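One structure below.
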Amino acid sequence: MTRGSDDPISVPPHIAIIMDGNGRWARARGLPRTAGHKKGAQAVQRTLEAAIDLGVQYLTLFGFSSENWSRPEGEVFDLMGLLRRYLQSETAELHRKNIRIRVIGDRSRFSEDIVALIKGAEEMTAENDGLNLTAALSYGGRQDIATAARAIAEKVAAG
Ligand code: IPE
Ligand code: MG
């Protein structure tokens, strides 16, 4: 989409995107699902640039849900490889773009090196005041609501 500088459009302060269709994209081209996941990761780049260009303050990307852990082992392995490589190769660039990175989800399920990469990305970008990027990884809406409800119940029980 191109936008003339005098076209007034109202930009929501927060946009959330559920990343989906990688497998269908690949299948339609006779490619393995991995190729679709790779292409999906590349689409993140364009999305970030568009969000920055439009002045979006918060961008939430739902990339990998808690349910996705039950996909075939080989696919989970590929996705973890992709996540690892993405964090290794893109964190410095996101920092250069003044993006603040936060990850929500159950990170205890990731391998130690990925946990460290996530922590490193959050720490490196913690002072940035540009786009707020939240990556939902190993994230479950139900799990999130259950955790919040439990915390509220504990507060109530504690008076
Ligand atoms: C989204 O694409 C990527 C993840 C959820 C990891 P899908 O893998 O769900 O692709 P489709 O829905 O099978 O096309
Ligand atoms: Mg899907």
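When a residue number appears, it is its place in the shown sequence, counting from 1. In each ligand, atom 1 is the first atom listed, and ligand 1 is the first ligand listed. Computed from a predicted structure; not experimentally measured.
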Just how far is it from atom OG1 of Thr134 to atom CD1 of Ile101, taken to the nearest 0.5 Å?
10.5 Å
For atom 5 (C) of ligand 1, grab the closest protein heavy atom and report residue, atom and distance to one decimal in Å.
Asn68 OD1, 3.3 Å
Please check whether Trp25 reaches ligand 1 - meaning an N/O of the residue sits under 3.5 Å from an N/O of the ligand, judged on distance alone.
no
The Mg ion (ligand 2) to Asp20: nearest N/O/S atom name
OD1
Are Tyr139 and Asp144 linked by a side-chain donor-acceptor pair shorter than 3.5 Å?
yes
Could you check whether any heavy atom of Gly21 sits closer than 4.0 Å to an atom of ligand 1, since that is the contact criterion I want to use?
yes
For Trp69 and Phe64, take the angle between the two ring planes, folded into 0 to 90°, and tell me which bin it lands in: parallel under 30, tilted 30 to 60, perpendicular over 60.
perpendicular
Can you tell me which residue and heavy atom of the protein come closest to atom 12 (O) of ligand 1, and the distance to 0.1 Å?
Arg24 NH2, 2.7 Å
Taking atom CZ as the centre, does Arg46 end up with more than 12 heavy-atom neighbours from other residues, nucleotides or ligands that are less than 6.0 angstrom away?
no
Below 4.0 angstrom from a heavy atom of Arg33, which ligand 1 atoms are there? Numbered from 1 as shown, please.
7 (P), 8 (O), 10 (O), 13 (O)
Gap between atom OG1 of Thr60 and atom CG of Leu133 - 0.5 Å precision:
8.0 Å
Here the atoms of ligand 1 under 4.0 Å from any heavy atom belonging to Met19 are 1 (C)
Using a strict threshold of under 4.0 Å (side-chain N to carboxylate O), is an ion pair present between Glu127 and Arg100?
no
Among non-hydrogen protein atoms, atom 3 (C) of ligand 1 lies closest to Asn22 ND2, 3.3 Å
Salt bridge check: are Glu93 and Arg96 linked by an N-O gap of less than 4.0 Å?
yes
Does ligand 1 have any atom sitting under 4.0 Å from a heavy atom of Arg27?
no
Under 4.0 Å, counting heavy atoms only: does Gly63 come that close to any atom of ligand 1?
yes
Identity and separation of the nearest protein heavy atom to atom 10 (O) of ligand 1:
Gly23 N, 2.9 Å
Under 4.0 Å between a side-chain nitrogen and a carboxylate oxygen: does that hold for Glu75 and Arg33?
yes
Name the closest protein heavy atom to atom 8 (O) of ligand 1, giving the residue it belongs to and the distance to 0.1 Å.
Arg71 NH1, 2.7 Å
